[in-house]
Structure formats: C-alpha cells, structure tokens
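Note that the structure is a prediction, hence the values are computed from the model and not measured.
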Amino acid sequence: MVSRTTDDYETLAKMGCVAMSEPAFWAGYDRGSAEGFRDYFEQLTSFEPTRAGWYGLQHFTWLCINAKEAENVDLSREVIAMIPEFLTRPGVLGIGEIGLNKNTPNEATVFLEHLDLAHRLKELVLIHTPHLEDKYAGTRMILDMLLGDKRTQPHRVLVDHVEEHTIRPVLEAGFWAGMTLYPISKCTPARAADMVERYGPDRLMVNSAGDWGPSKPTAVPDFILEMRKRGHAESLIRRIVYDNPLEFFGQCARFEFRGRG
Amino acid sequence: MSATSSTSQLETAQEAFNRDFLAARAKLLEVASWLDRVDRCPGIPEDARRLEQIQQGITALQSAQDNRAEQIQQIFSLEFNDSWQSDFGLQ
C-alpha cells in the first residue's frame, strides 16, 4: 500500500489478512510525466510485494492511469502504451482501477482506451466508480461503455465502490461488485452488511482502502464483526471476504495464491 | 443471479432496532447539532441546492418504504443524462 506505513501491513497480518489487491491510483497530486508512472508501476510491482511479504502477506496489483489524471489525454495515452511492459510481472492482475472521476468527455475517452487494451490483451478489469454526487451518473456511464463493447465479459469485470443506488444495476448487468469501506465518504460496514442481506453473496465482495484521506485498511474485520453480530453463518462471511475474491482474481493466470493450511 | 435474491434476516425487527438504537440516536444528534450550529452562525447558508438536499434527506427518513438509504443517495446524486454518449461525440 503505497500510501501507508509498514506498520499497517503488520496490523493487517495480525488481523488475519493473507493477501491484498492494490490498484494503481492517484498520487495525491497529478503526476507530471509518463516516467513518473514508470517509477510508480515499478514500486507497485516490486517494492510493495516485498514490503507486504515481510509480514507474510501476498500483494497483487493492477495497472492504469487513474481517472483523476485522465483529463490529460496525451499523458494518459503514453501511460497506456507503457502498461504492457509491466503486465507480465508476477502478481499483476489486470487493468485497473479505471473509471470516471467528474464524468468528463476526456475521462470517458481514456476509459475506453484502457478498456480496449484490456480486451486486446484479455486482461481482467477493475473499475473505480466516482465519489459522492458523481457516483450514480458515472456508474451508469461506465456500464454503458462496458456493455457497449461486445468483447466485455461481465464475469471478468469488478465494479468497485458500489453503494445503495448503484449496486443493483451493476449486479443485474452480470458484473462483480465491490463495496469499499470508508469512515465517511463511501460505505460503512453496517451498510455493506445490509447490501449483502438484500442482494445475497453472488458476485459480491467487500474491501477496505489505504487512501490519502481518512481511510482504514483494517475495515474488513469491522464488516466481519458486524455480520457475526447479526448472526450470519461463517460460511457466508468467508464467501464475501475470501472465497469470492479468490474466485474473481483466480481468473488471472498470474494470480498465484498461496493459501494457508 | 437475480439482483433481488437476498440473504435471510436472522434478527427480529426488535433485535435489529435494539442493537443499533444508541448509534442511530447519536447520528441523529450529530445532524441536529450541526443544524443548530449553522443557525447560531451569522447569516444563512447560500447554497440553496444543498439546503434542499438536506431537507429532502430528512423527509426521506420518514418514508414508509425500506429503501430510505437508496432514496437519500439519489437525492444527493447528479442526474444521469441518457444521451451522454452523443453529447460527448462517442456515438
């Protein structure tokens, strides 16, 4: 987790985490060049797996230029052209997290070019849906783009950060859906548990975040506790936080997961 | 998979109500104290759209339907434009 200290890996390991999936995302500022992304991709594919490995955690990653920086189409195209150099590295799961931020034409253009790359190279796709007031319209736009490409196979796409008003269209279209737990800006453990109860466990998973703003990488255990308080079976909880991620990520040949015991 | 398939509720309504009553009470107090705080400040908020959203959100809490969270999400969402692709020149 580029944005977090090593202590967070230790804490995650102590809380039962065995692996993580880190998408390429924003640096906290707009990077100035494609070489900046080259260094970032190097960090994601080399140092972070090493650092996570100090605590017995497997680290997997995704590659893209994130939606916040996609307004710069020229830079985005340079980065997209560079992605294949890193795609064959161990632990790289596919293209992501691509998406929209403020739902602009340039962001949509860059999204479509990432999607084309993913389809040409037959990679999994991880989607970022926008924040707050932009989320509903942005999710609908993303679904339009995904479904508008005949090559899209919904079972190979994970649409992340779903909330109450976006989860249904994502699941009904056959995609995987991720619920991202944040203290304020996205979903809480209780609301994620509500969505599991409403929609069932098929193609649904929950994740946490190690972001620049208020975030809590250890939020998945909070969800586990909430589900237990409600009396749900361990098999259901395990499916959401363990089996479903393994099923989705396992579609990538570079996902070499070493389970424990 | 049907998007409407669900997992059984294992608690009774009374149990679910009791378990989160104090947390819900605290969250209502947060909203109430925030509104009081704004009232204590000179002037009035100028963002009519957001004020209206807050008022609609409070009204949605009193809805008899069991999708209040979804309703409030929509209240705070920008509208989706069905013709966005042609507007963007992508079709």
Side-chain angles (χ1 to χ4, degrees), chain A residues 100 102-109 111-112 130 132-141 143-145 148 155 162-174 176-177 187-188 190-191 193-204 226-233 236-237 239-240, chain B residues 1-27 30-31 34 47-54 56-57 60-61 63 65-91:
Chain A
L100 300 174
K102 299 306 287 181
N103 306 335
T104 69
N106 284 352
E107 290 172 10
T109 294
F111 178 89
L112 287 168
L132 302 170
E133 65 180 6
D134 297 298
K135 179 175 291 292
Y136 179 72
T139 301
R140 293 284 304 274
M141 292 166 67
L143 295 179
D144 282 350
M145 289 188 280
H155 65 278
V162 299
E163 293 186 47
E164 289 88 347
H165 54 331
T166 58
I167 184 171
R168 188 184 308 114
V170 168
L171 290 175
E172 284 183 346
W176 284 79
C187 190
T188 63
R191 285 166 50 210
D194 291 337
M195 283 189 272
V196 172
E197 290 173 348
R198 279 180 182 271
Y199 295 99
D202 291 349
R203 285 182 281 113
L204 193 58
E226 177 68 21
M227 292 287 283
R228 286 177 177 157
K229 282 181 181 177
R230 298 186 189 193
H232 287 296
L236 171 63
I237 299 170
R239 184 162 174 201
I240 299 292
Chain B
M1 172 258 176
S2 165
T4 58
S5 68
S6 61
T7 299
S8 300
Q9 305 296 142
L10 299 176
E11 298 176 298
T12 64
Q14 186 64 51
E15 286 168 340
F17 181 84
N18 284 350
R19 187 162 54 77
D20 290 324
F21 171 75
L22 287 178
R25 175 183 176 276
K27 288 166 188 170
E30 285 294 324
V31 174
W34 168 63
D47 193 332
R49 183 174 75 93
R50 285 184 161 186
L51 268 175
E52 178 63 21
Q53 286 175 329
I54 292 293
Q56 288 178 4
L61 289 176
S63 167
Q65 297 174 298
D66 72 346
N67 68 337
R68 297 172 193 83
E70 185 178 350
Q71 289 179 50
I72 292 175
Q73 289 276 21
Q74 288 292 6
I75 287 166
F76 287 97
S77 294
L78 293 172
E79 279 194 40
F80 171 64
N81 171 15
D82 275 317
S83 60
W84 73 271
Q85 290 187 92
S86 61
D87 290 351
F88 283 12
L90 291 177
Q91 278 183 330

### Task
Assess whether salt bridge (charged side-chain N to carboxylate O under 4.0 Å, His left out) is satisfied between A/Glu226 and B/Arg19, documenting all intermediate values.
CA-CA 11 Å; A/Glu226 177 68 21; B/Arg19 187 162 54 77; 3.2 Å; yes
### Message
I'd like to know whether B/Asn81 forms a side-chain contact (heavy atoms from CB on, under 4.5 Å) with A/Met141, so could you lay out the CA-CA distance, the side-chain angles of the two residues, the decisive distance to 0.1 Å, and finally the verdict.
### Response
CA-CA 9 Å; B/Asn81 171 15; A/Met141 292 166 67; over 6 Å; no
### Step-by-step salt bridge (charged side-chain N to carboxylate O under 4.0 Å, His left out) determination, B/Arg49 to A/Glu133
CA-CA 12 Å; B/Arg49 183 174 75 93; A/Glu133 65 180 6; 3.0 Å; yes
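Neither the backbone nor the side chain of B/Gln71 comes within contact range of chain A; no heavy atom of the residue lies under 4.5 Å from a heavy atom of that chain. Contact of B/Asp66 with chain A is made through backbone and side chain together, with heavy-atom distances under 4.5 Å. Using a 4.5 Å cut-off between heavy atoms, A/Leu112 touches chain B through its side chain atoms alone.
Considering only heavy atoms from C-beta on, B/Gln73 stays 4.5 Å or farther from A/Tyr136 through its side chain.
Going from atom NE2 of A/His165 over to atom CG of B/Asn67 covers 12.5 Å, rounded to the nearest 0.5 Å. With rounding to the nearest 0.5 angstrom, the CG atom of A/Asp144 is 4.5 Å from the CZ atom of B/Phe80. The CE atom of A/Met195 lies 10.5 Å from the CD atom of B/Glu70; values are rounded to the nearest 0.5 Å. With rounding to the nearest 0.5 angstrom, the CD atom of A/Glu163 is 9.0 Å from the OG atom of B/Ser77.
Among A/Thr104, A/Thr109, A/Asp194, A/Leu236, the residue making the largest number of heavy-atom pairs under 4.5 Å with chain B is A/Thr104.
The closest side-chain donor-acceptor pair between A/Asn103 and B/Trp84, if any, does not fall under 3.5 angstrom.
Listed here is the closest heavy atom pair of A/Ala137 and B/Leu78: CB-O, 4.1 Å.
Applying side chain to side chain donor-acceptor pair (under 3.5 Å) to B/Gln9 and the options A/Arg230, A/Glu197, A/Arg198 leaves one that passes, A/Glu197.
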